[in-house]
Participant: 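Can you read through this structure? Questions will come right after.
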Amino acid sequence: MPAFSAKPKWMAGAIVAGLIVAGGPAAALTIGVIPGMIADSIEAAAEVARAEGMDVEVVEFLDWTTPNVALDAGDLDMNYFQHLPFLGDVNTATGFTLQAIDIGVLSRLGLYSNRYDSLDAIPDGAQVGLASDPTNQGRGLRLLESAGLITLGKDGYDVTPDDVVGNPRNLRFVEVDGPQLIRAMDDLDLVQAYPSLLVNAGLPEKAVAPLVLSPADEDLFAMRFVTRADNTDDADVRRFIEIFHTADAVRAAVDAAYVGDANLYAFSWLNAAE
């Protein structure tokens with residue numbers, strides 16, 4: 001996810017995917033998403049909900065800042081696109097009090113290269129693309145460490161390249177906004193990327209060929225259903241999440257977004273139920 005700005009450029013007024021941010025929700029339940037697997041899975045749940053008689057509108061945003069600002073302003077009832085560390089950074093930066101109320105899909109993070117077929121082939125001085133926002137950058141650095149490419153000087157995900165204490169291949173780190181990492185693959189030796197975003201970019205064969213993947217039980221980074229404190233017990237919100245967790249159509253949409261490779265994702269609510 002990209003670096004979060006407390007003063008997004010769009011705040012003077014914007015229309016995003018048909019939602020006028022200055023106005024209120026046009027549907028009984030309005031859900032903000034980003035394109036790709038997230039939008040596809042939410043739309044699959046929305047179709048089931050509509051068949052039950054719920055009025056649901058799915059609104060796609062092209063950035064990872066606007067959905068939280070729109071939610072805080074009351075222009076959305078809920079959004080679904082972010083994990084807990086990212087939400088925590090947003091609340092700290094803005095003073096928002098948005099709340100994660102349930103868990104969704106975990107997208108495993110991969111290290112990908114258009115130049116090399118294995119980690120062993122990564123050369124001395126290679127350029128490595130990292131997400132520019134702190135939470136996803138920390139996750140990427142931890143993945144590099146688990147792959148044996150670097151050593152970090154402290155625990156946890158609150159790490160930056162400044163915390164690298166061992167770098168035997170003299171890797172050079174390049175910070176790139178999350179959505180642009182895939183476009184940077186031709187210019188860099190190695191990048192961190194989410195498989196579903198590669199699929200969405202028309203690169204399914206690359207998506208299923210990571211050099212390494214993050215753990216399948218890293219549920220801290222699973223997507224969360226997020227709403228305002230005054231909306232956490234809304235009956236439509238809770239029913240929608242229940243549909244998402246149980247509908248076969250949702251699982252089919254997620255699997256299709258990962259081109260049928262179940263190794264690239266996890267249904268984290270199943271882990272939570274165990």
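Index from 1, following the sequence. The figures here come from the full heavy-atom set of this structure, side chains too, leaving out hydrogens, waters and symmetry mates.
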Participant: Is a donor on one side and an acceptor on the other found under 3.5 Å between the side chain of Arg169 and the backbone of Ile150?
Facilitator: no

Participant: Compare every heavy atom of Asp255 with every heavy atom of Asp261, then report the nearest pair and how far apart it is.
Facilitator: N-OD1, 4.3 Å

Participant: Assess whether atom CD of Glu52 is packed by more than 12 heavy atoms of other residues, nucleotides or ligands within 6.0 Å.
Facilitator: yes

Participant: Can you find a pair of side-chain heavy atoms, one from Asn231 and one from Met78, that are under 4.5 Å apart?
Facilitator: no

Participant: Ignoring hydrogens and geometry, is there a side-chain-to-backbone donor-acceptor pair from Asn91 to Gly88 under 3.5 Å?
Facilitator: no

Participant: Please report the interatomic distance CG(Leu190) to CG(Asn114), rounded to the nearest 0.5 Å.
Facilitator: 10.5 Å

Participant: Arg251 side chain to Phe244 main-chain N or O, any donor-acceptor pair under 3.5 Å?
Facilitator: no

Participant: Quick check on the hydrophobic clustering: are Val69 and Val226 connected, directly or via other members, by side-chain heavy-atom contacts under 4.5 Å?
Facilitator: yes

Participant: Look at the rings of Phe86 and His83 and say which category their plane angle falls in: under 30° parallel, 30 to 60° tilted, over 60° perpendicular.
Facilitator: perpendicular

Participant: CD1 of Ile34 to CG of Leu197: how many Å apart, nearest 0.5 Å?
Facilitator: 6.5 Å

Participant: Considering all heavy atoms of both residues, which atom of Pro168 and which atom of Asp124 are nearest to each other, and what is their separation?
Facilitator: O-OD1, 3.9 Å

Participant: Given side chains that start at C-beta, do those of Pro134 and Asp158 come closer than 4.5 Å, heavy atoms only?
Facilitator: no

Participant: Leu84, Leu270: one ILVMFWY side-chain cluster at the under-4.5 Å cut-off?
Facilitator: no

Participant: Any donor and acceptor pair, going by atom type alone, linking the side chain of Thr30 with main-chain N or O of Asp77 inside 3.5 Å?
Facilitator: no

Participant: Partners of Glu242 by side-chain hydrogen bond (donor to acceptor under 3.5 Å, both in side chains), sequence neighbours excluded?
Facilitator: Arg239

Participant: If you measure only the distance, is there a donor-acceptor pair under 3.5 Å linking the side chains of Tyr258 and Asn263?
Facilitator: no

Participant: Taking Asn136's backbone N and O only, do any of them form a donor-acceptor pair with Gln192's side chain (distance below 3.5 Å, no angle check)?
Facilitator: yes

Participant: Shared ILVMFWY cluster between Leu106 and Leu109, side chains joined below 4.5 angstrom?
Facilitator: no

Participant: Evaluate the side-chain proximity of Leu220 to Tyr157: yes if any heavy-atom separation is below 4.5 Å, no if none is.
Facilitator: yes

Participant: Answer yes or no: is there a side-chain heavy-atom contact under 4.5 Å between Pro35 and Leu62?
Facilitator: yes

Participant: If you count every heavy atom of other residues, nucleotides or ligands that lies below 6.0 Å from Asp117 atom CG, does the total exceed 12?
Facilitator: no

Participant: Could you grab the distance from atom NE2 of His245 to atom OG of Ser268, nearest 0.5 Å is fine?
Facilitator: 9.0 Å

Participant: Find out if a path of hydrophobic residues (ILVMFWY) with successive side-chain heavy-atom gaps under 4.5 Å connects Leu143 to Val165.
Facilitator: no

Participant: Measure centre to centre between the rings of Phe61 and Phe81, then say whether the value is under 6.0 Å.
Facilitator: no

Participant: Let's go through Asn200 and Met37 carefully: what are the C-alpha distance in whole Å and the side-chain angles of both, what is the deciding distance for side chain to side chain contact (heavy atoms under 4.5 Å, CB included) to 0.1 Å, and is it a yes or a no?
Facilitator: CA-CA 8 Å; Asn200 199 46; Met37 178 274 295; over 6 Å; no

Participant: Indicate if Val105 and Leu264 have the same hydrophobic cluster label, given that clusters are the connected sets of ILVMFWY residues with side-chain heavy-atom separations under 4.5 angstrom.
Facilitator: yes

Participant: Quickly, which of Leu211, Leu198, Val212 forms a side-chain contact (heavy atoms from CB on, under 4.5 Å) with Tyr112? Name it, please.
Facilitator: Leu198

Participant: Run Asp187 and Gln127 through side chain to side chain contact (heavy atoms under 4.5 Å, CB included) and show every step you take.
Facilitator: CA-CA 9 Å; Asp187 300 316; Gln127 289 187 302; over 6 Å; no

Participant: Take Leu130 and Leu144, measure what side chain to side chain contact (heavy atoms under 4.5 Å, CB included) needs, and give me the verdict at the end.
Facilitator: CA-CA 10 Å; Leu130 295 174; Leu144 286 167; 3.9 Å; yes

Participant: Atom CD1 in Ile38, atom OG in Ser107: separation rounded to 0.5 Å?
Facilitator: 8.0 Å

Participant: I need the minimum non-hydrogen distance between Leu152 and Glu145, along with the two atoms involved.
Facilitator: N-OE2, 2.9 Å

Participant: Is the closest side-chain heavy-atom distance between Val176 and Arg183 below 4.5 Å?
Facilitator: no

Participant: Taking side chain as C-beta onward, heavy atoms only, is Thr94 less than 4.5 Å from Asp72?
Facilitator: no

Participant: Can you check whether Asn79 reaches Asn68 side chain to side chain, under 4.5 Å on heavy atoms?
Facilitator: yes

Participant: Look up atom CG in Asn167 and atom CZ in Phe173, then write down how far apart they are to the nearest 0.5 Å.
Facilitator: 5.0 Å

Participant: Any idea which heavy atoms bring Leu119 and Ala147 closest together, and the distance?
Facilitator: CD1-CB, 3.6 Å

Participant: Please check if atom CG in Asp155 has more than 12 non-hydrogen atoms from other residues, nucleotides or ligands closer than 6.0 Å.
Facilitator: no

Participant: Between Arg228 and Thr97, is there a donor-acceptor pair closer than 3.5 Å when you use the side chain of the first and the backbone of the second?
Facilitator: no

Participant: Looking only at heavy atoms, what is the nearest atom pair of Tyr80 and Arg224, with distance?
Facilitator: CD1-O, 3.5 Å

Participant: Is the backbone of Ala131 close enough, under 3.5 Å, to the side chain of Gln137 for a donor and an acceptor to pair up by distance?
Facilitator: yes

Participant: Quick check: do Asp234 and Thr227 have side-chain heavy atoms less than 4.5 Å from each other?
Facilitator: no

Participant: Of all heavy-atom pairs between Ala121 and Tyr116, which one has the smallest distance, and what is that distance?
Facilitator: O-CD2, 3.5 Å

Participant: Are the side chain of Ser113 and the backbone of Asp189 linked by a donor-acceptor contact shorter than 3.5 Å?
Facilitator: yes

Participant: Could you walk me through whether Ile42 and Phe225 pass the side chain to side chain contact (heavy atoms under 4.5 Å, CB included) check?
Facilitator: CA-CA 11 Å; Ile42 291 293; Phe225 292 93; 3.8 Å; yes

Participant: Any sub-3.5 Å donor-acceptor pair from Asp236's side-chain atoms to Leu29's backbone N or O?
Facilitator: no

Participant: Measure from the side-chain N and O atoms of Arg50 to the backbone N and O of Val56, and report whether any donor-acceptor pair falls under 3.5 Å.
Facilitator: yes

